[in-house]
Visitor: 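First the structure, which I've put down as structure tokens, then a few questions once you've had a look.
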Amino acid sequence: GENVEQHPSTLSVQEGDSAVIKCTYSDSASNYFPWYKQELGKRPQLIIDIRSNVGEKKDQRIAVTLNKTAKHFSLHITETQPEDSAVYFCAASSGGSARQLTFGSGTQLTVLP
Amino acid sequence: EAGVAQSPRYKIIEKRQSVAFWCNPISGHATLYWYQQILGQGPKLLIQFQNNGVVDDSQLPKDRFSAERLKGVDSTLKIQPAKLEDSAVYLCASSPELAGGETQYFGPGTRLLVL
């Protein structure tokens with residue numbers, strides 16, 4: 001089955017700096033890669049996703065890049081703000097009828113004021 | 001639109017007791033998922049339903065966990081008997097029956113503590 005590895009497990013940045021979180025996946029059939037943000041005690045919320053037919057996607061301060069050949073994808077947050085502090089999870093799905101997500105282990109992002 | 005609803009939000013039980021969690025997915029979403037999220041880890045899929053049928057329950061510990069979605073809408077997840085290692089957040093998610101509809105929407109979760 002799919003295996004998703006996520007790095008780093010913790011990341012501290014100064015407010016206004018950029019943050020990058022990286023994930024690798026094992027199943028070359030995976031074709032959908034969402035990123036979720038989970039604040040303490042709250043539900044995971046989808047912040048951005050990318051499909052395998054696209055190399056990069058941006059939404060304001062957030063961007064995701066995908067390298068299918070290397071089987072890795074990254075989340076980029078620019079101009080970080082204290083409210084960006086949360087745990088971020090990457091996930092991969094092989095699609096098809098199952099449409100199951102395999103999650104990474106999470107990155108605790110702390111934005112220091 | 002209303003989000004995925006779950007109850008209870010918190011539950012504390014002693015080991016060997018039973019517990020049940022309830023989930024109401026987003027209206028019209030055919031696929032429903034139950035995840036277990038242990039502290040410091042990502043969600044791990046327990047079971048996936050498509051309408052009222054099971055798509056995948058390969059990671060559900062069937063000796064103690066059971067789940068049903070009788071009318072293809074609400075779902076319940078039960079643990080009987082609970083063990084200490086079952087302490088976790090149990091998340092329910094749903095996704096629409098659309099081409100490319102992999103996006104999953106999560107509920108707030110039920111935080112279970114087994115003593």
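The chains referred to below are lettered A, B, ... by the order of the sequence lines, with proteins before strands, and numbering in each begins at 1.
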Visitor: Just wondering, do A:D49 and A:K57 contact through their side chains at under 4.5 Å, heavy atoms?
Guide: yes

Visitor: Would you mind reporting whether A:S18 and A:H76 have side-chain heavy atoms less than 4.5 Å apart?
Guide: no

Visitor: I'd like to know whether CG of B:L39 has more than 12 heavy-atom contacts from other residues, nucleotides or ligands below 6.0 angstrom.
Guide: no

Visitor: Are there more than 12 heavy atoms of other residues, nucleotides or ligands under 6.0 Å from atom CD of B:Q17?
Guide: yes

Visitor: With heavy-atom distances below 4.5 Å as the criterion, would you say the side chains of A:I47 and A:L75 are in contact?
Guide: yes

Visitor: With chain B, which of A:P34, A:S9, A:P44 has the greatest number of heavy-atom pairs at distances under 4.5 Å?
Guide: A:P44

Visitor: Examine whether an atom of A:Q108 lies under 4.5 Å from a heavy atom of chain B, and if so say whether it belongs to the side chain, the backbone or both; otherwise answer neither.
Guide: neither

Visitor: Looking at A:V87, A:L101, A:T102, which one has more heavy-atom pairs under 4.5 Å with chain B than the rest?
Guide: A:L101

Visitor: Is A:L46 close to chain B through its backbone or its side chain, or both, or neither, when contacts mean heavy atoms under 4.5 Å?
Guide: side chain

Visitor: Relative to chain A, which segment of B:Q37 carries a heavy atom at a distance below 4.5 Å: side chain, backbone, both, or neither?
Guide: side chain

